[in-house]
There are 2 protein chains.
Amino acid sequence: MSSFLFDHQQLENSLRHAGLRPTRQRIELAELLFGDGKDRHLTAEQLYATARAAGKKISRATVYNALRDFAAKGLVHKILVDQDQVYFDTNVSEHQHLYIEDEHRLVDILLNNCSWQSEVELPEDMTLERVDVIFRLRRKA
Amino acid sequence: MSSFLFDHQQLENSLRHAGLRPTRQRIELAELLFGDGKDRHLTAEQLYATARAAGKKISRATVYNALRDFAAKGLVHKILVDQDQVYFDTNVSEHQHLYIEDEHRLVDILLNNCSWQSEVELPEDMTLERVDVIFRLRRKA
DNA sequence: CTCAATGCAAAGTATTTGCAACCGA
DNA sequence: TCGGTTGCAAATACTTTGCATTGAG
């Protein structure tokens with residue numbers, strides 16, 4: 001039995017369905033990101049390191065390109081919590097985050113009373129792309 | 001009459017009260033940031049350009065240092081909405097933001113039904129620093 | 001006086017880009 | 001074949017740092 005919930009074929013279909021040509025590199029990255037169905041928060045550098053450590057032959061620029069394209073197609077979400085690096089979230093369903101600043105660690109949470117969506121009046125010609133909610137935590141002194 | 005709500009003396013006191021030595025540069029920056037009492041969202045580079053345009057003699061590094069220190073003391077808030085630059089918000093009371101991505105423009109909003117604060121269970125040894133809420137908007141195609 | 005703050009340029013670092021080689025359809 | 005993708009290194013741009021100088025208390 002495989003440790004993957006999704007196999008190459010399924011990932012390939014996902015990429016194709018998203019309008020992305022399923023190249024070897026994209027499939028391998030998709031496998032690392034989505035293969036086991038678990039939610040991940042990682043940076044481009046982390047994914048690059050992970051891929052290389054797994055023996056994948058891929059360049060840094062391709063990882064950045066792939067993540068940019070994945071995000072543009074909604075396969076992952078960008079999370080801007082840290083001044084120095086962008087995190088990518090493999091969980092694209094609506095949810096919120098805790099961010100432990102000292103540890104640079106993200107935790108998914110799910111709020112129930114999110115009635116504020118309707119409370120905001122948007123300009124006529126604007127679309128609500130997403131609502132980012134981040135609870136910033138610090139270790140007590 | 002002056003165009004400033006807060007004069008040098010008051011700004012100097014604010015800095016001192018925050019535990020920051022009121023140097024000429026910090027006072028001048030504070031004046032640009034808080035002088036008229038209006039809410040601002042600006043980047044370090046924007047503040048630097050503004051200061052220089054106003055004839056202030058100050059270096060880029062000092063602007064970055066000052067904003068870092070102001071943020072550490074709670075005089076301004078960092079807003080991470082853009083991958084490329086950090087915005088600083090002179091409004092440090094609790095509120096939320098609209099971000100028009102195409103224009104790199106931030107708008108303050110105020111949500112009323114923010115009961116979700118209590119809904120989140122924090123680890124015992126953690127403190128909630130802040131909750132960042134950003135409504136990301138795009139111009140309709 | 002003394003130590004914090006400033007200024008300048010250099011360094012640092014995540015990310016993007018230019019362009020030739022490559023490959024999927 | 002053809003245009004999208006990759007790879008490498010160089011470029012970019014925001015931010016930080018090293019260190020000598022300055023200035024607030």
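Just so it is clear: chains get the letters A, B, ... in the order the sequence lines come, proteins before strands, and each one is counted from 1.
In this entry the distance linking CZ of Phe70(A) with P of dT15(C) reads 16 Å, nearest Å. For the pair Arg52(A) CZ and dG7(D) C1', the computed distance is 10 Å after rounding to whole Å. We find that CD of Glu28(A) is positioned 14 Å from C1' of dG7(D), with the value rounded to whole Å. Following rounding to the nearest Å, Gln85(B) (CD) and dT16(D) (P) show an atom-to-atom distance of 14 Å. The nearest whole Å value for the distance from the CG atom in Asn65(A) to the P atom in dT17(C) is 9 Å. Residue His104(A) contributes atom NE2, which lies 14 Å from atom C1' of dA14(C) at whole-angstrom precision. Nucleotide dA4(C) holds its P atom 17 Å from the CZ atom of Arg16(B), rounded to whole Å. Remark: P of dT15(C) and CG of Asp82(B) are 12 Å apart, rounded to the nearest angstrom.
Glu28(B) contributes no side-chain N or O that, together with a main-chain N or O of Gln25(B), makes up a donor-acceptor pair within less than 3.5 Å.
Taking 4.0 angstrom as the limit, Gln83(A) places none of its side-chain polar atoms (N or O) nearer than this to OP1 or OP2 of dA14(C). Under 4.0 angstrom from either OP1 or OP2 of dG7(C) there lies at least one side-chain N or O belonging to Thr62(B). Contact between the side-chain N/O atoms of Tyr64(B) and the OP1/OP2 oxygens of dT16(D) is not found at any separation under 4.0 Å. Within the 4.0 Å cut-off from OP1 or OP2 of dT5(D), at least one side-chain nitrogen or oxygen of Arg26(A) is found. Between dC23(C) and Gln25(A), no contact under 4.0 Å exists linking OP1 or OP2 to a side-chain N or O. Close to dG4(D), at under 4.0 Å from its OP1 or OP2, lies no side-chain N or O of Thr23(A). Taking only side-chain nitrogens and oxygens, Arg24(B) never comes nearer than 4.0 Å to OP1 or OP2 of dT22(D). For Arg21(A), no side-chain nitrogen or oxygen approaches OP1 or OP2 of dT6(D) to under 4.0 Å.
Atom NE2 in His77(B) sits 11.5 Å away from atom NE2 in His41(B) (nearest 0.5 Å).
For the pair Val86(A) and Asp69(B), nearest-nucleotide mapping onto DNA chain C gives the more 5' position to Asp69(B). Place Glu12(B) and Ala44(B) on DNA chain D by their nearest nucleotides, and Ala44(B) ends up nearer the 5' end.
Judged by distance alone, the side chains of Arg16(B) and Asn13(B) never bring a donor and an acceptor atom under 3.5 Å apart.
Within a 6.0 Å radius of NE2 in His95(A), more than 12 heavy atoms belonging to other residues, nucleotides or ligands are found.
The existence of a salt bridge linking Glu94(B) and Arg130(B) is excluded, since no basic side-chain nitrogen approaches an acidic carboxylate oxygen closer than 4.0 Å.
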